[in-house]
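Please read these numbers as outputs of a predicted model, since none were measured by experiment. To find a chain, count down the sequence lines: A is the first, B the second, and so on, and within it residues start at 1.
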Amino acid sequence: MTRTLSTEVLIIGSGAGGAVTAARLAEAGRSVLVAEEGSWYDPDAHEPSSLDEFTARYRHQGACAALGSPGVAFAEGRCVGGSTEINMGLYHRLPERFVDQWRTTYSIAEFDSATLRRYADEVEAIVKVSRLPGAPPESSAVLSRGADALGWRSVEFDRVYSYDESGHGTKQSMSRTMIPRAVAAGAVVQADCTVRSLIRKGRRVTGARATLRYPDGSTEPVVVQAEDVFVCGGAIQSPALLQRSGFRHNIGPGLKFHPTVKVAARFDHPYDHEEVPVQRVTEFDPYLTIGGSASRRGHVALALVDSAPGDLDRLLEHWQNVVVYYAAIRSSGSGRVLAIPGLQAPLVTYSLNDSDLSRLARGLVHLGEMLLAAGAQELFPSIAGGPIVRSRADLAQWWGALNRTQSNLMTVHLTSTIRMGDNSALTGADSFGRVWDSDNLFVNDASLLPDAPGVNPQAAVMTIAARNADAYLAR
Amino acid sequence: MLWMERRVVTALAGPDDKRTGGAITEFVDSSFAAMPQHLRLGVVGESVLLGAYVALRYAPRPSDDDVLAAMSAWEHNPIGVIRQYARLLTSLVVFAQQELMPE
C-alpha cells in the first residue's frame with residue numbers, strides 16, 4: 001500500500017522560485033509541502049566550487065551538457081535551496097528594457113516596471129543585497145583596471161551577501177533566507193523526494209507520485225495529494241516533469257541561456273582565489289558581458305587543459321598566478337528540453353547559430369584585450385589547441401579559432417522553456433504561471449522568463465515568483 | 001567503469017590515484033554513475049568501440065603510454081564525439097587530481 005501525504009499546496013523544487021513561493025504562501029496561512037529532490041545540507045558544509053560540492057549539491061555532479069554543434073556544458077543545483085546554493089550570489093534586477101519588450105511580445109498582464117520594482121524591493125529586504133565592504137580583491141580589480149585602460153565601462157556586481165563587522169561575507173542563499181521563513185510559517189520541506197509525475201484528472205492536478213530516499217539507501221514510493229501544485233524545478237526539470245505528466249503545449253521548446261567562453265589569464269605574481277571576482281565589464285551590455293569565474297586549483301587546471309595540455313604541469317606549479325575569466329553572450333539561438341520515456345533525465349539540445357559564434361568570438365577577443373590591458377602575461381582560451389596569446393597582435397588568431405569543432409563552451413543561466421504570457425501561441429503558461437490546459441497547475445521558476453536576460457537571472461526569478469505567488473493568493 | 005575508462009583514468013592520473021587512495025578513480029566512477037542516462041549510454045558505446053580499437057592496436061597488453069598516445073590522437077580526431085570523449089575523461093581526471101592532491 002503506497003503511503004499518501006496530503007497538503008493544500010505542493011511546491012516541487014526549492015530554488016529561487018520554489019523557496020520564494022513557499023515562503024509567501026506559508027506566511028499567508030496556506031498549508032505548504034515543498035518536495036525537493038536533493039538533500040538538505042548545512043550551507044557551510046562544502047567549500048564553494050569544490051569537488052565535494054560538485055559531488056553533493058550539483059545535479060549529475062555537474063557533468064551535463066546540451067547536445068548540439070558545439071555541445072554546451074551546464075550545471076544545476078540539486079539540494080534544498082537549488083542553484084542558489086551553488087551559484088556565486090551575484091544579483092541583478094531584471095533590466096528594465098526587457099520589461100516592456102516581454103510584456104508586448106508575450107502579452108504578459110500586470111507586468112510593468114513599477115510592479116516588479118516593488119516586488120524586487122521586498123525580496124531584497126530579505127536576501128540582503130549588498131556590495132563588498134572595502135576595496136575589491138585583486139582578481140576583481142583586474143576587470144576595472146583593464147576596462148579603464150581601454151575606456152570601457154565596468155561596475156561592481158550586487159551580491160546576496162551579508163557582511164559582519166570584520167567584513168566576512170555570508171551568502172544569503174535560499175536555505176538561509178526563504179526556506180527558514182517558510183518553515184517558520186509552517187511549511188514542510190521534504191528533502192530527498194523525487195517527483196516522478198503529476199496525477200491528472202481532466203484539467204486538474206490532484207497531486208504527484210514521488211519516491212523518498214532514506215540515509216540507509218532504501219526508497220519508498222509515496223503519493224502526495226494536493227489541491228494546487230507549483231512546479232519550480234528550473235528550466236530543465238520543470239518542462240521534463242510536465243511532459244512526463246502529459247502536458248505538452250509549448251512545454252520544453254525555446255530554451256535560452258548565455259553561452260560562455262573562458263580564458264585562463266597568467267599574471268606575473270599570485271592573485272587571490274578565495275572569491276569569484278565581483279566586477280564586470282558592461283561596455284557591451286546587454287549582448288556581451290565580461291566577468292570573473294571560480295578559480296580554485298581544479299578550475300584553473302580545467303581552464304588550461306584545452307590550450308596547454310602539454311604544459312599543464314609547469315603552469316600548475318604557479319597556479320596561484322592564474323585566474324579564470326569569461327565572456328558570456330545573449331544568444332539568438334535556442335534549444336529544447338525533451339523527456340525521454342523511461343529515463344529520469346531529459347534530453348537537452350541547443351542550436352547555436354552563426355551569429356552567436358561570431359558574438360562569442362568577439363567576446364573572446366574583447367576579453368583578451370581587457371586582460372592584456374590589465375597586465376596579464378599569457379592567455380589560454382577554452383578552445384582545444386587554441387592559440388595562446390601574449391600580445392594584442394596575437395588576438396587576431398582567436399577570431400578563427402573559436403569554431404564549432406574546437407570550442408568548449410559552458411553556461412549556468414537556463415531559462416524560457418515554459419514562457420509566461422497570455423499569448424498562448426507563444427507561451428506554455430498564462431501571465432501568472434498557470435499552465436495552459438490546467439486549472440490548478442502553476443510553474444514559478446526560470447522557465448517562465450521569455451528570454452535569457454543577459455545577466456544572472458536569480459533576481460528576476462525571485463521577483464516574478466513573488467508576484468505570481470501574490471496573484472495566486474488573490475484568486 | 002568499463003575497462004577502457006579505467007585504463008584511461010589510470011594512465012592519466014599516474015601515481016596520483018594511489019596517493020589519493022583511489023579517490024580520483026572513485027570520483028570519475030561516481031561522475032559516470034551520476035550522468036544523465038542517455039549521455040552515459042553514449043559514453044559506454046564509445047568506451048566499448050575505442051577500447052576494442054586500443055586492445056587490438058596495442059595487443060596483447062596496452063601500456064599506459066599506449067593509452068595516452070591514443071587519447072592524444074582522439075583529442076584531434078575529426079569526429080566530434082571522439083574529441084568530446086577524450087575531453088570528458090581528461091577534464092574529470094584533471095579536476096579530481098588538482099582538487100584531491102595535497103598542495
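- Of the two parts of A/Pro346, only the backbone, made up of N, CA, C and O, holds a non-hydrogen atom closer than 4.5 Å to a non-hydrogen atom of chain B.
- With a 4.5 Å cut-off on non-hydrogen atoms, B/Thr90 touches chain A through its side chain but not through its backbone.
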Go through it in stages, so that I can follow the logic: the residues are B/Phe32 and B/Leu88, the test is side chain to side chain contact (heavy atoms under 4.5 Å, CB included), and I'd like the CA-CA distance, side-chain angles, deciding distance and then a yes or no. CA-CA 10 Å; B/Phe32 281 147; B/Leu88 171 68; 3.9 Å; yes
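- The contact between A/Leu51 and chain B is made by backbone and side chain atoms together, counting heavy-atom distances below 4.5 Å.
- Separation of atoms CG (A/Leu364) and OH (A/Tyr325) is listed at 15.5 Å; rounding is to 0.5 Å.
- In summary, the side chains of A/Glu37 and A/Gln237 do not present any donor paired with an acceptor at a separation below 3.5 Å, with no hydrogens or angles considered.
- The distance from the CD atom of A/Gln61 to the OG atom of B/Ser30 is 3.5 Å, given to the nearest 0.5 Å.
- The heavy-atom pair separating A/Leu241 from A/Ser197 by the smallest distance is CD1-CA, 3.7 Å.
- Residue A/Trp319 is tested with A/Val323, A/Leu316, A/Asn321 for a side chain to side chain contact (heavy atoms under 4.5 Å, CB included); the sole match is A/Leu316.
- When only modelled atom types and interatomic distance are considered, A/Thr211 and A/Arg196 share a side-chain donor-acceptor pair under 3.5 Å.
- Proximity to chain B (any heavy atom under 4.5 Å) is restricted, for A/Asp306, to the side chain, taken from C-beta onward.
- Looking at A/Thr55, only its side chain comes within 4.5 Å of chain B, counting heavy atoms on both sides.
- Residue contact with chain A, scored on non-hydrogen atoms closer than 4.5 Å, is absent for B/Ala33.
- Interface remark: A/Leu304 contributes no atoms to any contact with chain B (heavy atom separation under 4.5 Å).
- When heavy atoms are compared at a cutoff of 4.5 Å, A/Tyr58 does not approach chain B at all.
- Within the 4.5 angstrom heavy-atom criterion, atoms from both the backbone and the side chain of B/Phe27 approach chain A.
- Top candidate by heavy-atom pairs under 4.5 Å with chain A, chosen from B/Arg87, B/Arg83, B/Gln84, B/Glu75, is B/Arg87.
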